[in-house]
There are 2 protein chains.
Amino acid sequence: MRIGDLAARSGLTTKTIRFYEQAGLLPEPPRTAGGYRDYSDEAAARLAFVREAQSAGLTLAEIRSLLTLLDSGQVPCAQVTRLIDEHLAEIEERLRELRQTRRTLRTLAARAATTDPAECAEAGVCTILGPMPTPAP
Amino acid sequence: MRIGDLAARSGLTTKTIRFYEQAGLLPEPPRTAGGYRDYSDEAAARLAFVREAQSAGLTLAEIRSLLTLLDSGQVPCAQVTRLIDEHLAEIEERLRELRQTRRTLRTLAARAATTDPAECAEAGVCTILGPMPTPAP
DNA sequence: CTTGACCTTCCAGTGCACTGGAAGGTCTAG
DNA sequence: CTAGACCTTCCAGTGCACTGGAAGGTCAAG
């Protein structure tokens with residue numbers, strides 16, 4: 001599979017795939033006689049993993065270290081488990097934050113729904129952004 | 001309140017606060033005779049709102065447009081409501097994504113827990129990163 | 001043999017959200 | 001009056017994750 005096919009299959013650009021290779025996220029594939037990169041299906045799975053991890057908020061550096069560990073084969077799996085657990089904890093934290101923000105925005109939305117534009121005009125500022133029920137962190 | 005106090009109160013740096021002012025997120029405060037910025041308590045609330053919105057994944061540009069709308073006073077509150085609803089939808093989407101990733105990582109963790117390091121050594125690659133139960137998007 | 005799609009490397013630029021540092025002004029305590 | 005903390009502006013740099021473009025090579029179809 002050439003880089004264009006892999007790009008199409010993974011939903012990335014060829015640019016991004018070369019960038020990931022250079023960043024150590026994707027191993028250098030074999031080349032054809034003409035010098036083209038020749039990917040196996042495994043590469044697509046790897047890219048999928050990268051995107052997955054990325055959407056979890058992991059940086060490319062973190063993903064690289066995770067992949068390097070996974071790849072090295074002679075890795076203490078316990079360490080892999082620890083890494084995964086760490087990232088799970090991070091995700092839980094982000095979930096909590098997001099839920100908090102959703103709560104805030106919902107409050108905002110409710111206030112906006114019951115706010116008369118006229119009332120906004122009276123006060124100098126739209127009353128929606130008033131004292132917020134935002135528990136200080 | 002001077003910028004250092006505001007920084008301490010909001011958990012930001014003075015640099016960041018000036019940056020936010022320059023970015024149009026925080027109105028230019030009045031100055032003391034000596035030229036120091038002189039903030040009211042409202043500024044702290046505004047910064048809290050910015051951080052809140054930011055942790056929801058909104059960019060500073062989005063937050064600025066939201067604040068500008070809220071500030072202009074003569075804004076159709078309906079439009080504010082629409083904006084908030086949009087961002088709520090985005091948050092819901094991010095929550096969905098995060099939950100999916102959490103599922104994936106948990107599967108990974110479970111596999112790692114039941115994987116014998118010896119088995120990893122046999123296959124060229126740690127078996128944890130195998131075929132993933134990742135429903136293609 | 002040429003056209004066009006696709007590939008190669010290399011280097012530079014973008015957008016976001018800050019962050020650092022220089023050079024200098026202000027204010028309070030001793 | 002001076003030291004030190006804190007403030008000012010301005011400009012440049014950082015880190016991340018790409019993205020664009022130039023200059024040129026490869027390959028299948030016509």
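Throughout, protein chains are lettered first and strands after them, A, B, ... in sequence-line order, and every chain is numbered starting at 1.
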**Study point:** Residue pair Arg2(B), Arg37(B): steps toward the side-chain contact (heavy atoms from CB on, under 4.5 Å) verdict
**Key:** CA-CA 6 Å; Arg2(B) 287 184 310 181; Arg37(B) 287 174 179 80; over 6 Å; no
In whole angstroms, the gap separating C1' of dC11(C) from CZ of Arg18(A) amounts to 14 Å
Would you say Arg51(B) places a side-chain N or O within less than 4.0 Å of OP1 or OP2 belonging to dA17(C)?
no
note: Phe19(B), atom CZ; dT9(D), atom C1'; distance rounded to Å ~ 16 Å
Practice item. Assign Arg2(A) to base, sugar-phosphate, or nothing according to its heavy-atom contacts below 4.0 angstrom with the strands shown. Key: sugar-phosphate
note: Tyr36(B), atom OH; dT28(C), atom P; distance rounded to Å ~ 9 Å
Quiz item: Has Arg37(B) got a side-chain N or O lying under 4.0 Å from the OP1 or OP2 atom of dC7(D)?
Solution: no
Out of dC18(D), dT8(D), dC7(D), minimum distance to the side chain of Arg31(B) belongs to dT8(D)
5'-most contact on DNA chain D (nearest-nucleotide basis), Ala33(A) vs Thr13(A), goes to Thr13(A)
So Thr32(B), base contact, sugar-phosphate only, or nothing? Heavy-atom distance under 4.0 Å.
nothing
note: Glu28(A), atom CD; dT8(C), atom P; distance rounded to Å ~ 12 Å
In whole angstroms, the gap separating P of dC18(D) from OH of Tyr20(A) amounts to 4 Å
Residues Leu67(B) and Leu25(B): closest non-hydrogen pair is CD1-O, 3.6 Å
What one should report as the nearest heavy-atom pair of Gly24(A) and Arg64(A) is O-CG, 3.7 Å
Distance col, row Ile17(B):CD1 vs Leu6(B):CG, nearest 0.5 angstrom, shows 4.0 Å
Whole-Å distance, Leu47(A) CG to dC18(D) P, equals 11 Å
dT19(D), OP1 or OP2 - any side-chain N/O from Thr16(A) closer than 4.0 Å? yes
Looking at Gln54(A), I'd like to know whether one of its side-chain N or O atoms comes within less than 4.0 Å of OP1 or OP2 on dC18(D). yes
Q | Tyr36(A) with Tyr39(A), same ILVMFWY side-chain cluster at under 4.5 Å | A | no
To the nearest angstrom, the CD1-P distance between Ile3(B) and dT19(C) comes to 14 Å
Rounded to whole Å, CD1 of Ile17(A) lies from C1' of dG20(D) at a distance of 17 Å
